[in-house]
Amino acid sequence: MKLSDSRTIHADAETVWAALLDADVLKACVPGCTEMRGSAEDGFEATVVQKVGPVKATFKGVVTISDQDAPSKMTISGEGKGGAAGFAKGGADVRLEAHGPTTTLHYDVEAKVGGKLAQLGSRIIDGFAKKMADQFFTNFSDVVGGPSADDAGDTIASEDLSDGGDAPKKKGWLKGLIG
């Protein structure tokens, strides 16, 4: 299975890069992640609980980061075992494009599954993988750059404009710590 997409994140490329290498940020963003430890240099170990169709499993896996060219591109590889549910392995090429205060994150993912998961069929697996990727990057964008303008709604836009001021800028918790 292959997925490709891009997301605009309301943070500079250096902030996005640092977040992609931070275990705490990744744990907060990976759907179903109950544990994430390690470092970008040594690799990460993660525990993720997910339900795919009728199969619910706890996956324990490792993730490594290679081909780093800070802050513009990296390759992420990983594999996880879910006991009787089977296994998943794959990788992603991630590319960042800086656009002033925002960054476009492009990703190309290739993944394989085996065991009971593979028996569910490609339609279910592909749909689940797309949903997981969308959820991860929505969470990542919110954590790193704050909610997007679409998520913020009209309350922020109208809150401060009555006195002629600009609308307040919302920051994600990571950006609030370092910015």
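All values below come from the heavy atoms of this structure, side chains included, with hydrogens, waters and symmetry mates left out. Heads up: numbering here begins at 1 and tracks the sequence.
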Please determine whether side chain to side chain donor-acceptor pair (under 3.5 Å) holds for the pair His10 and Ser141, giving the CA-CA distance in whole Å, both sets of side-chain angles, and the decisive distance to 0.1 Å.
CA-CA 7 Å; His10 298 282; Ser141 183; 5.9 Å; no
Does the side-chain contact (heavy atoms from CB on, under 4.5 Å) test come out yes or no for Val30 and Val48, once each step is laid out?
CA-CA 8 Å; Val30 173; Val48 177; 4.0 Å; yes
Test side-chain contact (heavy atoms from CB on, under 4.5 Å) applied to Thr64 and Ser66, step by step:
CA-CA 7 Å; Thr64 57; Ser66 59; 5.7 Å; no
Apply side-chain contact (heavy atoms from CB on, under 4.5 Å) to residues Gln50 and Lys56 and explain how you reach the verdict.
CA-CA 6 Å; Gln50 279 298 326; Lys56 181 176 180 180; over 6 Å; no
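Looking only at distances, no side-chain donor or acceptor of Ser6 sits under 3.5 Å from a matching main-chain atom of His106.
Summarising the hydrophobic clusters (Ile, Leu, Val, Met, Phe, Trp, Tyr; side-chain heavy atoms under 4.5 Å, direct or chained), the residues clustered with Val62 are none. Clustering of Ile, Leu, Val, Met, Phe, Trp and Tyr by side-chain heavy atoms under 4.5 Å joins Leu117 with Met1, Val52, Val55, Phe59, Val113, Leu120, Ile124, Ile125, Phe128, Met132.
Side-chain contact check for Val63 versus Glu79: every heavy-atom pair is 4.5 Å or farther apart. Thr104 is listed as a side-chain neighbour of His99, based on a closest heavy-atom distance under 4.5 Å. With a 4.5 Å cut-off on side-chain heavy atoms, Ser72 and Arg95 do not count as touching. At a threshold of 4.5 Å between non-hydrogen side-chain atoms, the residues Lys81 and Lys60 do not count as touching. Within the 4.5 Å cutoff, the side chain of Thr75 has no heavy atoms near those of the Val94 side chain. Counting heavy atoms from C-beta on, the side chains of Arg7 and Thr138 come closer than 4.5 Å. At a threshold of 4.5 Å between non-hydrogen side-chain atoms, the residues Tyr107 and Asp93 do not count as touching.
Under 4.0 Å is where a charged nitrogen must lie from a carboxylate oxygen, and between Asp134 and Lys130 at least one such pair does.
Here the shortest heavy-atom pairing between Gly82 and Ala57 reads O-CB, 3.9 Å. For Ala23 against Met36, the heavy-atom pair with the smallest separation is O-CG, 3.4 Å. Minimum heavy-atom separation, Gly145 to Ala11: CA-CB, 4.4 Å. When all heavy atoms of Leu3 and Ala133 are compared, the pair lying nearest together is CD1-CB, 4.3 Å. Across Asp24 and Asp22, no two heavy atoms sit closer than the pair N-OD1, 2.8 Å. The minimum heavy-atom distance linking Cys29 with Asn139 is given by the pair O-ND2, 3.1 Å.
Remark: Glu35 CD to Thr58 OG1 distance equals 11.5 Å, nearest 0.5 Å. Separation of atoms CZ (Arg37) and NZ (Lys27) is listed at 11.0 Å; rounding is to 0.5 Å. Lys73 NZ to Trp17 CH2: the interatomic distance, rounded to the nearest 0.5 Å, is 9.5 Å.
Ring pair Phe136/Phe140 is parallel by interplanar angle, where below 30° counts as parallel and above 60° as perpendicular.
Applying side chain to side chain contact (heavy atoms under 4.5 Å, CB included) to Leu105 and the options Asp5, Leu20, Val144 leaves one that passes, Leu20.
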